[in-house]
Number of protein chains: 2
Amino acid sequence: MRAVQDSMDVLSGKWKIAILSSICYYNKRRFSDILHDVEGISNKMLSKELKELEINKLVNRSVMDTQPITVQYELTEHGRTLQTIINHLTAWGIEHRKKIIGE
Amino acid sequence: MRAVQDSMDVLSGKWKIAILSSICYYNKRRFSDILHDVEGISNKMLSKELKELEINKLVNRSVMDTQPITVQYELTEHGRTLQTIINHLTAWGIEHRKKIIGE
DNA sequence: CGGGATCCTTACTGATACTG
DNA sequence: CAGTATCAGTAAGGATCCCG
């Protein structure tokens, strides 16, 4: 029971899963790309959430020395262990939508 | 991507997953039992979250005509489709804790 | 026992502007 | 481009009391 909470603490917030999905799908993804992928998120939130994901070792941030700067985010090995869960959540979301809308 | 959000909308909030875990584990569970299972939750939150779970057809509420009243909550068939996810989340939570604490 | 009503505090979030 | 700073509103959450 405690363990589930631990997971949810890490994944809490409106955007974390969506952000992870975006990075996961593209393997590597830049800040502005994620900003575009995740509909409705503001740059402030994205930056905040990414920071938290980094702290929890789920994503890796690497600054490319270009002009202007670009920053790449990718899942860590640990982050990649979430893929199964994300896939399940996606599938479940689709089913759930059917269930609820269709009444 | 949208689909993941749909799932998270339903499961959002600090407690939903923990509540579902509790009910899921015991099959049927009373209000006060869940209140005790889910460490830290207040009755207000529990009641609110249960209501939302009910609206989303994940749990079933049944009032037993005893004195005083007891109320049973159980997962709906639809709610039970979340078990896999909950199990994964639990397992992942344990692994994650090891990963983060052990550094 | 299973909540609802109220009050109050804090966390989350968005919009906008600004910087290296 | 990839953020940070500021301001300000909303919503989430907790504590306590109340009721059938």
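In what follows, chains are A, B, ... by sequence order, proteins preceding strands, each numbered from 1.
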- request: Using only side-chain N and O atoms of A/Tyr73, determine if any of them is under 4.0 Å from OP1 or OP2 of D/dG3.
  value: yes
Ranking C/dC1, D/dA2, C/dG4 by distance to the side chain of B/Arg30, first place goes to C/dC1
Between CZ of B/Arg29 and C1' of C/dG3 the distance, given in whole Å, is 18 Å
Margin query: If you compare every side-chain N and O of A/Ser47 against the phosphate oxygens of D/dA2 (OP1, OP2), does one of them come in below 4.0 Å?
Written below: no
So salt bridge (charged side-chain N to carboxylate O under 4.0 Å, His left out) across residues 10-22 of chain B, not counting sequence neighbours, yields B/Lys16-B/Glu49, B/Lys16-B/Glu52
What are the atom names and distances for every N/O pair under 3.5 Å that joins the protein to nucleotides 13-17 of chain C?
{"residue": "C/dT13", "atom": "O4", "partner": "A/Lys44", "partner atom": "NZ", "Å": "3.4"}
{"residue": "C/dG14", "atom": "OP1", "partner": "A/Lys14", "partner atom": "NZ", "Å": "3.2"}
{"residue": "C/dG14", "atom": "N7", "partner": "A/Lys44", "partner atom": "NZ", "Å": "3.3"}
{"residue": "C/dG14", "atom": "O6", "partner": "A/Lys44", "partner atom": "NZ", "Å": "2.2"}

- prompt: Taking only N and O in the side chain of B/Arg61, is any of them less than 4.0 Å away from OP1 or OP2 of C/dG3?
  reply: yes
B/His88 and B/Trp92: aromatic ring centres closer than 6.0 Å?
no
The bend of the helix from C/dC1-D/dG20 to C/dG20-D/dC1, taken between the axes of its five terminal pairs at each end and rounded to 10°, is 50°
To the nearest angstrom, the CG-C1' distance between B/Leu11 and D/dA12 comes to 17 Å
Rounded to whole Å, the CG-C1' distance (A/Asp65 to D/dC1) equals 13 Å
Per atom distances to the A/Pro68 side chain, the nearest of C/dG3, C/dG2, D/dC1 is D/dC1
The single option from A/Arg29, A/Met64, A/Arg61 that satisfies side-chain contact (heavy atoms from CB on, under 4.5 Å) with A/Val71 is A/Arg61
* Asked: Can you find a side chain N or O atom of A/Ser32 that sits less than 4.0 Å from OP1 or OP2 on D/dA2?
  -> yes
Exercise. Can B/Lys98 and B/Glu95 be counted as an ion pair, charged N to O under 4.0 angstrom?
Worked result: yes
Between NE2 of A/His36 and P of D/dA2 the distance, given in whole Å, is 14 Å
Following the transitive rule for hydrophobic clusters with a side-chain heavy-atom cut-off under 4.5 Å over Ile, Leu, Val, Met, Phe, Trp and Tyr, establish whether A/Ile94 and A/Leu20 coincide in one cluster. no
When rounded to whole Å, the CG to P distance for the pair A/Leu46 and D/dA5 reads 16 Å
A/Arg2 side chain reached by A/Gln5 side chain, heavy atoms, under 4.5 Å = yes
To the nearest angstrom, the CD-P distance between A/Gln67 and D/dA2 comes to 12 Å
Rounded to whole Å, CZ of A/Phe31 lies from C1' of C/dG20 at a distance of 15 Å
**Request:** Specify whether A/Phe31 and A/Tyr73 have parallel, tilted or perpendicular ring planes, treating 30° as the upper limit for parallel and 60° as the lower limit for perpendicular.
**Result:** tilted
Between B/Leu82 and B/Ile17, does a side-chain contact (heavy atoms from CB on, under 4.5 Å) hold up when you go through it step by step? CA-CA 10 Å; B/Leu82 274 171; B/Ile17 297 281; over 6 Å; no
Q) Heavy atoms, side chains only, cut-off 4.5 Å: are B/Glu74 and B/Asn27 in contact? A) no
Taken to the nearest whole Å, CG/B/Leu35 to P/D/dG13 is 15 Å
